[in-house]
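One structure is given below, encoded as structure tokens.
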Amino acid sequence: MSKIAVFPGSFDPVTIGHLEIILRAVPLFDKLILAIGHNSSKKALFSLNKRQEWLEQLFSNNPNVEVQHYKGLTMDFCKLQGAGYIVRGLRTAADFSYERTIAQLNREMDEGLDTIFLTSSPQYAHISSTVVREILLNNGDASKFLPESIAADVAKSL
Ligand code: ADP
């Protein structure tokens, strides 16, 4: 049976922090689905199209990576995709206590669904999409925190 994992997130926008976790997760699974969650209650800065385009561009050479988007519960999306694993990145203890609760809930509702945590390397632990958005909205240069190939387009797409 092939091992399928979902890496869910807002990717608003995708950062080098996400990139690190994704690149480390790829070899662990037969297929990794980068899943952009877009629930209407959470208003994104960048359009779904752009967020999807950036992820597709970054992983176009990797046949084991797929980009999709979904609404609703992550666990329902996983079931639909036949995925047995959710991948999440951990930066801080605060990330851990939040993520642990979600992981436990997911597993209680679906025993076949395990969450795999990857801890970020120290040099990426302070990077978040929230910080990148804040810099961009204040006309700062966030290119250090963005994958090089998409940085210019992200700044232009505000
Ligand atoms: P969400 O809104 O679901 O938290 P994000 O796009 O912010 O979506 O994050 C998706 C995943 O990527 C989460 O597991 C988050 O912890 C992880 N992540 C984001 N930035 C980093 C980083 N710098 N290092 C490690 N993991 C990260």
Side-chain angles (χ1 to χ4, degrees), residues 4-29 31-59 62 65-78 80-81 83-107 109-110 113-137 140-151 153-154 157-158:
I4 303 175
V6 167
F7 183 57
S10 311
F11 304 105
D12 186 32
V14 56
T15 68
I16 54 171
H18 292 121
L19 196 62
E20 194 223 356
I21 299 296
I22 296 167
L23 291 173
R24 283 165 53 199
V26 168
L28 306 178
F29 304 99
K31 178 158 96 175
L32 182 66
I33 303 172
L34 310 180
I36 309 171
H38 57 112
N39 287 319
S40 46
S41 59
K42 207 170 165 188
K43 181 92 184 81
L45 180 61
F46 295 101
S47 71
L48 179 60
N49 275 350
K50 273 289 168 194
R51 288 181 281 153
Q52 177 153 5
E53 183 187 312
W54 292 326
L55 286 172
E56 279 168 355
Q57 198 178 316
L58 289 169
F59 297 99
N62 198 322
V65 177
E66 214 175 274
V67 182
Q68 298 206 34
H69 58 83
Y70 70 102
K71 276 188 174 148
L73 296 179
T74 304
M75 58 169 287
D76 289 338
F77 177 74
C78 290
L80 200 71
Q81 299 297 324
Y85 307 90
I86 293 176
V87 173
R88 294 291 283 175
L90 295 179
R91 289 160 290 193
T92 59
D95 270 357
F96 173 68
S97 59
Y98 175 75
E99 295 292 345
R100 176 180 50 185
T101 308
I102 308 280
Q104 286 170 337
L105 278 169
N106 279 331
R107 199 160 147 66
M109 293 198 288
D110 181 352
L113 192 55
D114 255 317
T115 304
I116 309 293
F117 295 112
L118 294 174
T119 53
S120 73
S121 298
Q123 66 269 34
Y124 299 115
H126 59 295
I127 300 170
S128 66
S129 299
T130 308
V131 162
V132 167
R133 289 196 301 273
E134 204 57 37
I135 295 171
L136 292 172
L137 285 171
D141 178 4
S143 54
K144 263 192 186 153
F145 309 122
L146 294 164
E148 211 178 324
S149 61
I150 64 159
D153 194 46
V154 172
S157 304
L158 261 192

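Every number for a ligand or one of its atoms is a count from 1 in the order of the listing. All values derive from a computational prediction rather than experimental measurement.
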[atom] - nearest protein heavy atom and its distance:
{"atom": "atom 7 (O) of ligand 1", "result": "His18 NE2, 4.1 Å"}
{"atom": "atom 8 (O) of ligand 1", "result": "Ser10 N, 3.1 Å"}
{"atom": "atom 11 (C) of ligand 1", "result": "Phe7 CZ, 3.6 Å"}
{"atom": "atom 20 (N) of ligand 1", "result": "Arg91 NH1, 3.2 Å"}
{"atom": "atom 4 (O) of ligand 1", "result": "Arg88 NH2, 3.4 Å"}

**Study point:** Donor-acceptor side-chain pairing of Glu20 and Gln123 below 3.5 angstrom
**Key:** no
Check your understanding: Is there a donor-acceptor contact under 3.5 Å linking the side chains of Asn39 and Ser41?
Key -> no
Ligand-residue contact atoms, ligand 1 with [X], heavy atoms, under 4.0 Å:
{"X": "Phe11", "result": "6 (O)"}
{"X": "Ile21", "result": "25 (C), 26 (N)"}
{"X": "Tyr124", "result": "22 (C), 23 (N)"}
{"X": "Gly9", "result": "3 (O), 6 (O), 8 (O), 10 (C)"}

Please confirm whether [X] comes within less than 3.5 Å of ligand 1 when only nitrogen or oxygen atoms on both sides are compared.
{"X": "Ser129", "answer": "no"}
{"X": "Thr15", "answer": "no"}
{"X": "Asp12", "answer": "no"}
{"X": "Val87", "answer": "no"}

Practice item. Report the member of Gly89, Ser120, Gly37 with the shortest heavy-atom distance to atom 16 (O) of ligand 1. Key: Gly89
Practice item. Compare Val132, Ile16, Ile127 and give the one whose heavy atom is closest to atom 23 (N) of ligand 1. Key: Ile127
Point to revise | Lys42 near ligand 1 by a heavy-atom separation under 4.0 Å | key: yes
In the structure I gave you, are the side-chain heavy atoms of [X] and [Y] within less than 4.5 Å of one another anywhere?
{"X": "Ser128", "Y": "Arg133", "result": "no"}
{"X": "Leu146", "Y": "Trp54", "result": "no"}
{"X": "Ser121", "Y": "Arg24", "result": "yes"}
{"X": "Val87", "Y": "Phe117", "result": "no"}

Study note, to complete from the structure: Contact region, His126 to ligand 1, non-hydrogen atoms below 4.0 Å, reads neither
Revision key, fill the gap. Under 4.0 Å between heavy atoms, the region of Pro8 that gets near ligand 1 turns out to be backbone
Check your understanding: What orientation do Phe77 and Tyr70 show, parallel under 30°, tilted 30 to 60°, or perpendicular over 60°?
Key -> parallel
Check your understanding: Looking at Val154 and Pro13, what are the two nearest heavy atoms and their distance?
Key -> CG1-CG, 4.0 Å
**Study point:** Asp114 side chain to Tyr85 backbone, donor-acceptor under 3.5 Å
**Key:** no
Review point. Below 4.0 angstrom, N of the basic side chain to O of the carboxylate: do Asp153 and Lys50 qualify?
Key: yes
Check your understanding: Picking from Leu32, Val67, Ile22, what satisfies side chain to side chain contact (heavy atoms under 4.5 Å, CB included) with Phe59?
Key -> Ile22
